[in-house]
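Presented below is the structure to which this report refers.
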Amino acid sequence: MRYTKLEVGFLNMADTGILESLLRLVDKVDGGIDSQVVASSLGVDHQVVVGAVKSVQALGEVIEAEQRSSKHWELTGEGQEIAEQGSHEARVFKAIPEEGLSQSQLMKLPSGKVGFSKAMSNKWIHLDKGHEGGPRVFRMVESIEDVVRKKLQQVQMGHSSQLEEKEKNELKKRKLLTEVTVKSYWITKGSNFSTIITKQETELTPEMIASGSWKEKKFKPYNFDAMGVAPDSGHLHPLMKVRTQFRQIFLEMGFTEMPTNNFIESSFWNFDSLFQPQQHPARDQHDTFFLSDPAVAHDFPQDYLERVKKVHSEGGYGSQGYKYDWKIEEAQKNILRTHTTAVSARMLYKLAQQEEFTPVKYFSIDRVFRNETLDATHLAEFHQIEGVVADYGLTLGDLMGVLHQFFTKLGITKLRFKPAYNPYTEPSMEVFSYHKGLNKWVEVGNSGVFRPEMLLPMGLPEGVSVIAWGLSLERPTMIKYGINNIRELVGHKVNLQMVYDSPVCRLDS
Amino acid sequence: MPTVSVKRDLLFQALGRTFTDEEFDELCFEFGLELDEITSEKDIISREQGDQKASEASDVVLYKIDVPANRYDLLCLEGLVRGLQVFKDKMEAPRYSRVNPLNGDPQRLIITGETASVRPHAVAAVLRNITFTPERYDSFIELQEKLHQNICRRRTLVAIGTHDLDTISGPFTYTAKAPDDIRFKPLNQNQEYSATQLMGFYKTDSHLRHYLHIIEDEPLYPVIYDSNGIVLSMPPIINGDHSKISVNTKNVFIECTATDLTKAKIVLDMIVTMFSEHCDQPFTQTDQVLKLTLYLCVRSLSLSLSLSLSLSLSLSLSLSLSLSETAESIAQLLTRMCLKSEVTSDGAEIQVEIPPTRSDVIHACDIMEDAAMAYGFNNITRTTPRTYTVANQFPLNKLTELLRLDLATAGFTEALTFALCSQEDIADKLQKNLKDTKAVHISNPKTAEFQVARTTLLPGLLKTLAANRKMPLPLKLFEISDVVLRDESTDVGARNSRRLCAVYYNKTPGFEVIHGLLDRVMQLLEVKPGRNHGYYIQAAEDSTYFPGRCAEIFSHGKSIGRLGVLHPDVINSFELTMPCSALDIDIEPFL
C-alpha cells in the first residue's frame, strides 16, 4: 500500500450523499448497526456501503467499523426459477390433463425428466405401461401442495430460520439452496463523530499554493507505514562493489595497480618463473585450462629463461633446485592463467631490469581460471586479490604487519598465522581470522615471502625480499551479502533482484 | 594437500599422552598441519554406501590430518609421531645411518641399458630384522600408497615395490623386455600371465587400470628379476606373487623404479627412514642401498645424509624472521624441527644437518622457515615496513571504474558474466562463423561451457536476460569487462580487449534507448557528434542484427563497435521472447 492512494479512490467513488445517509443512520441507533442492515434500509448494494465505511474511516475517528462475518442461505438460479414457477414435479402434475398424457410427450416437457420421477415418488401420478398407443401417465390425486416451492419462497423472503436444518440441507443437496458467508461491518460512532462530511484534500497542488486556499483545506493524513515508490535506477553488481572497495583499500595503502588484462598466459610466467616444478600437480590437465589455439608462447627473455631452467634442473643461488629435466616445451604451453601471481612475476622481472632497484608496492584484482570440479562455492573462474611489496630487508614480521593493516581495513582485527606450503613462497603462511558467527578460526587468505629461486634469476638484487598475499574476491563478498550459492552471485544465472536490492559496500562495518 | 588418516588412540599412545580434540587441533596448527576431520571407518562407509554396509565396520576414532604437500615425512603415523615428539622436545631427532649386513655382501641391483627407453632409474634398499604388527603393516602399505599418489605422481615418476627378501636371492636385475617375453604370477593371482595378457586383464581393475597407460604403448616393459629368474615386479604396474610381503616378513627388499632419479631417492629414503624404527636397532638398520646404472654406481642416501647448509646468522635469520634470538637458541629451535644444528666455533654460522627425511629443505630459506615455526609464527612481533611508495591506478581500470558508475547512473544495471563460454555462444547463436571470431580455444574443457574465451560480452548479457525473464520489463543491463582475441603480435599470441556492452530488452526494440546510451557514453568520454573529430554511426550489415537495424560506430574515423536491434533468430537462440537492442564497443581507444 502506498500512502493514501487506495482510500483516495474510495472517497472519489462514493458520493457524499451515501456517506451522510450512513452517518445519520449510525447517529440514530444506539450501540451500532450492521452494514448489511444499512444496505437494505438505504436500498443500495452492500459493496457501496462497504466503500462508504472505508471512505469515512479515512477521514479520521468519525466512525469505528469492526469486521464481522455471518452466514445466510440464498437461492441458486434453479431455486429462484422454482420459487417463481413451481417445482419440476408440480409443473409435471399440472401438465397432465384428466385423460392423461403419453409418457413420450411428457418427457419432452422442460421439467419432464426430473419432475416425472419426483411426482412418481410423491405418488401424485401413475404410469399405465400397457395403455394402447404406448405408455401413458395419469394423475393420481386431485390436487397437490407444492412444498418445495413454498420453502424456497420462505428463504427468498428472508425467513430461512423457519426451515429446519434438515430441510435446508436437502434443498442444498438438490442444488436449490446455497449457504453464503457475508462479510459485514459493525459500525459504531467514533471519537470525532459527526454527521457532516468535510472533504479532506489529499495533496497540495500548484493552484492551492497560488491561491492560498491550502490554508482553509484539511489534508488527509499520510500512512507512513507504506513503502515508497522505488526510483528508476541502474545498479552496480555487488561483487564489483566489493572490488571497488578492495581497490580503494590498496590505493589508501599506497599500492600501485598491476596491468592484469591478459587472461592468456604462458606456463613459463604462470609456473616456471615462480619456481613451480614442471611435474607439479597444479600443472595437470585436471587443474589448468590449456589452449589448443594459440597453443604455445614465444619470445621469452632468453637469458632469464636459461637462468630459470638452471635453477629448476641444477639449482643455484644457494639452492639445490629440483634436479629434473626441465623442458622448454612445457614452459611454452599457453594456458588460462591460474593466478594473477603470473602478472606479479612479469612485474618483478620488469622491476629487476631497471638500472637501479626502487621499492614497490603492487596490487591487482582480476580473474583467474581453474579447470576444477565445480560446486556451490567453486567456479571455473574467480577473482583473485593480490598484494605484493618488494624492498630491501623485508621480514616475516613486516608481512604480518602489512596483513594486519590490510585486514583491519576489512574490519578483521583478530588474525593468526599457520605455517603452510606453497612452491614459490618460503616461509608460507595461511591467514586465519576469528569468525564470531561460526565461533572458530577460518582461513581468509594465503601469504608468504617469495623464494630466492624465484627472485634472484630475475636479476633482483640479493637482500631484496618480496612479501605477498592473496585471497579470493568471491568469498568475502558471499559472506558480506549472505549468499550461499556462488552462481547466484557470479555469471548469467545471477538473481537481478539481488543486484537491485544489494546495499552499499562498507567492508569495515 | 594430502590427507593422512590415523587411529586417534594409536596416535595418542605413540605420543605418550592424550589430548582433547581442541588441544590436538591447536598442536596441528602450530606445526603447520590441519586436523581436517574427526571420523571413523563406520562413519565413512555409512556416508558413502549407507548405514547397512557400515554396521560391521569399526567405530575406532580416526583423525584425518592435512599434511603440507612437500612433507612426505609426515605421511604415516610413524613420521607424524616422530615429527611432533621432536617438536615438543619429547625425543631427540634420530640420526639415520646405513649399515652393512653382519654376514655377507650388500645386496646389489643391476640396471641394464634396455631400461633407458622406458624407465631408466632404479634405487633399492633393505630393511633387516623388522617386526611388523597388523597396524604397522597397514601403515607400511598405506605409506606406499600415499607416496604413489603424491610425490610419485600416480606412479608416473616413481613406483615402489616391496618384497620378502627371504623368498628371493640377489643380485637383482632391473631390465626391460618385450611384453610377450615377460611371464609371471602377479600378486594375489593363481596363475601365470604374460605381460601382454596382464595388461588386458587389468583393463577392468578399478585400481590398476589407471597406471596401465604409463607403459602400455612401449615396445619394452620394465621388469625386475632375482638371480634365479623369479620376477619381483613389473613396475609401475604390479609385483610378483612369489616375493609378496606379509605381517610375518622379517627382511624387506624395497625397490623404486623411476623416470625421475631425484624423486626415486626421496621416496626410498622416506620408506626406510620411516620404518627402520621397527627394526632391531631403530634407525640404524637401513641396509645396503646400492644402485647400479650402466655407467656408475651412486649411493642414494649419501647426498641427502651429507647435505648440510650453513647460513649466516646475523643477517638472514634476525632480519627475515624478526627473531632476536641468540645463535644457540636458534640452533635449538632447528633441532626441534629434526634439523640437527650447531653453532660453529667462531659463532658466525650455524651448521645444519639435513636428515634424509627432510627432502623439502633445498635452500637456507627453508631452514629459516623451520626456525620460525619452532619459534611460533604467532610469537613473532608484527612490524610495519618503511617502504614509501605513491599509488597509481592502472589507467584502463580507472576509466572502467568511472564509466561503470555513470552507466548505472544512466539507469542500466551491471551484469557480471563468465569469460569462458561455448563455441556456440560466440558463433552459431550470434549467427557468426566461428572462424571469423578470432577466438582462443581451450584444449581440455570438461564441458562445452569452457570451450573458448569469449570474444564479445553480448552472449553473457543475453544469457543473463534469459535467466531473469520473470523480472519486470524493461531490462537494461551492461557490463564492462575483457574479451580475449587472437593476436600474433604478443608473446602468447592473444590479448585482452576491454569492452562495453549494453542491452535493452522490452516489448518494443528501443533502438533509440540504446542509441541514447551511446550518445551519453560519448558525452562522458568527451567525444562530440561529427564526422571527422567526433563520432557518428552508419548503417551496417551484421548477421547478429535485424537487417536494416544495425549501425557501425565510428570515433575519430575508426570503427569502435556496433549497435542495433538483434535478429529474431538470435533472440530465439538465447531463449528470449521480446525484441532486444544492443550496444557493443571497444573502450581502449579512449584511454
Side-chain angles (χ1 to χ4, degrees), chain A residues 232-237 239-240 251 254-257 259 261-264 266 279 285 289-294 297-299 318-320 323-324 334 359-361 367 380-381 389 391 393-398 400-401 404 416-421 426-427 429 451-452 490-493 496 499, chain B residues 29 32 68-70 153 157 260 262 319-322 362-366 369 372-373 377-378 380-385 387 389 391-394 396-397 408 410-414 416-420 440-444 446 450 453 460 463-464 467-468 471 482 484 486 491-494 496:
Chain A
D232 287 331
S233 68
H235 309 264
L236 293 173
H237 192 281
L239 191 79
M240 297 293 98
L251 293 171
F255 283 65
T256 285
E257 193 170 29
N261 57 334
N262 60 324
F263 296 165
I264 310 301
S266 62
Q279 317 89 337
Q285 297 272 327
F289 287 114
F290 288 85
L291 293 198
S292 56
D293 183 19
H298 304 279
D299 303 329
S319 174
Q320 288 186 41
K323 297 206 168 18
Y324 70 98
N334 271 337
V360 295
K361 292 194 281 199
R367 293 183 198 234
E381 52 188 275
V389 185
D391 201 353
L394 293 175
T395 66
L396 200 56
D398 287 337
M400 291 175 175
H404 184 72
R416 68 173 187 166
F417 302 94
K418 173 177 168 280
Y421 168 67
E426 189 79 15
M429 308 187 298
R451 291 190 74 98
V490 183
H492 56 266
K493 288 183 183 149
L496 280 181
V499 177
Chain B
F29 193 94
N70 63 341
R153 302 290 296 124
L157 301 182
D260 183 320
T262 313
L319 278 181
S320 297
L321 297 175
S322 309
I362 56 174
H363 190 280
C365 67
D366 296 304
E369 180 186 58
M373 275 167 68
F377 275 13
N378 296 297
I380 294 173
T381 313
R382 295 172 191 180
T383 48
T384 305
T387 311
T389 52
N392 288 303
Q393 302 187 47
F394 180 48
L396 183 59
N397 290 358
F412 281 71
T413 291
E414 186 174 32
L416 176 68
T417 68
F418 296 127
L420 305 185
V440 302
H441 292 258
I442 293 165
S443 65
N444 58 332
K446 281 181 185 147
F450 312 117
K463 288 196 277 186
T464 309
N468 286 280
M471 296 293 290
D482 285 350
V484 181
R486 291 204 50 156
D491 60 345
V492 295
N496 283 20

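Please read these numbers as outputs of a predicted model, since none were measured by experiment. Letters A, B, ... mirror the listed sequences (proteins, then strands); counts begin at 1.
Once rounded to the nearest 0.5 Å, the distance linking OG1 of B/Thr383 with CG of A/Asp398 reads 3.5 Å. Here CD of A/Gln320 is found 9.5 Å from OG1 of B/Thr262. Values are rounded to the nearest 0.5 Å. Separation of atoms CD1 (B/Ile442) and CG (A/Asp293) is listed at 11.5 Å; rounding is to 0.5 Å. Interatomic distance, B/Asn378 CG to A/Lys418 NZ, rounded to the nearest 0.5 Å: 11.5 Å. Note that the CG atom of B/Leu416 and the CG atom of A/Leu236 stand 11.5 Å from one another [nearest 0.5 Å].
A/Phe417 is not listed as a side-chain neighbour of B/Ile380, based on a closest heavy-atom distance of 4.5 Å or more. Between B/Ile362 and A/Arg451, the closest side-chain pair of non-hydrogen atoms falls below 4.5 Å.
Of the listed residues (B/Ala69, B/Ala467, B/Ala410, B/Gly460), the greatest number of heavy-atom pairs within a distance under 4.5 Å of chain A belongs to B/Ala69. Between chain A and the options B/Pro68, B/Gly493, B/Cys365, the largest number of non-hydrogen pairs under 4.5 Å is found for B/Cys365.
With a threshold of 4.5 angstrom between heavy atoms, B/Val440 approaches chain A through its backbone and through its side chain. The part of A/Val389 that comes within reach of chain B is its side chain, from C-beta onward, which places non-hydrogen atoms under 4.5 angstrom from that chain. A/Glu381 touches chain B through its side chain: at least one heavy atom from C-beta onward sits under 4.5 Å away, while N, CA, C and O do not. Heavy-atom distances place both the backbone and the side chain of A/Leu291 under 4.5 Å from chain B. Within the 4.5 angstrom heavy-atom criterion, atoms from both the backbone and the side chain of A/Ser266 approach chain B. Interface residue A/Arg416: backbone and side-chain heavy atoms are both found under 4.5 Å from chain B. Only the backbone of A/Phe255 has a heavy atom closer than 4.5 Å to any heavy atom of chain B. The contact between B/Phe412 and chain A is made entirely by backbone atoms, counting heavy-atom distances below 4.5 Å. For chain A, the nearby parts of B/Asn397 are the backbone and the side chain; heavy atoms of each come within less than 4.5 Å.
Looking at B/Glu414, its side chain does come within 3.5 Å of a backbone N or O of A/His237 through a donor-acceptor pair. In terms of modelled atom types and a separation under 3.5 Å, the side chain of B/Arg153 and the main chain of A/Gln279 share a donor-acceptor contact. For B/Thr389 (side chain) and A/Lys361 (main-chain N/O), no donor-acceptor pair under 3.5 Å exists by modelled atom type. The backbone N or O of B/Val492 lies less than 3.5 Å from a partner atom in the side chain of A/Asn334, making a donor-acceptor pair. Within the 3.5 Å criterion, the main-chain N or O of A/Asn261 finds no donor-acceptor partner in the side chain of B/Asp482. Listed for the A/Thr256 side chain is a donor-acceptor partner under 3.5 Å among the backbone atoms of B/Asn392. In this structure a side-chain-to-backbone donor-acceptor pair under 3.5 Å is missing from B/Asp366 to A/Glu426.
The two residues A/Leu396 and B/Phe377 have their closest heavy-atom pair at CD2-CE1, 4.3 Å. When all heavy atoms of A/Pro427 and B/Glu369 are compared, the closest pair comes out as CA-OE2, 3.2 Å. Minimum heavy-atom separation, B/Ala419 to A/Arg367: N-NH1, 3.4 Å. Nearest heavy-atom pair across B/Leu420 and A/Phe289 is CD1-CE1, 3.8 Å. Nearest heavy atoms, A/Pro294 versus B/Ala494: CG-CB, 4.4 Å.
Counting non-hydrogen atoms of other residues, nucleotides and ligands closer than 6.0 Å to NZ of B/Lys446 gives a total above 12.
Ring geometry for A/His492 versus B/Phe418: interplanar angle over 60°, hence perpendicular rather than tilted (30 to 60°).
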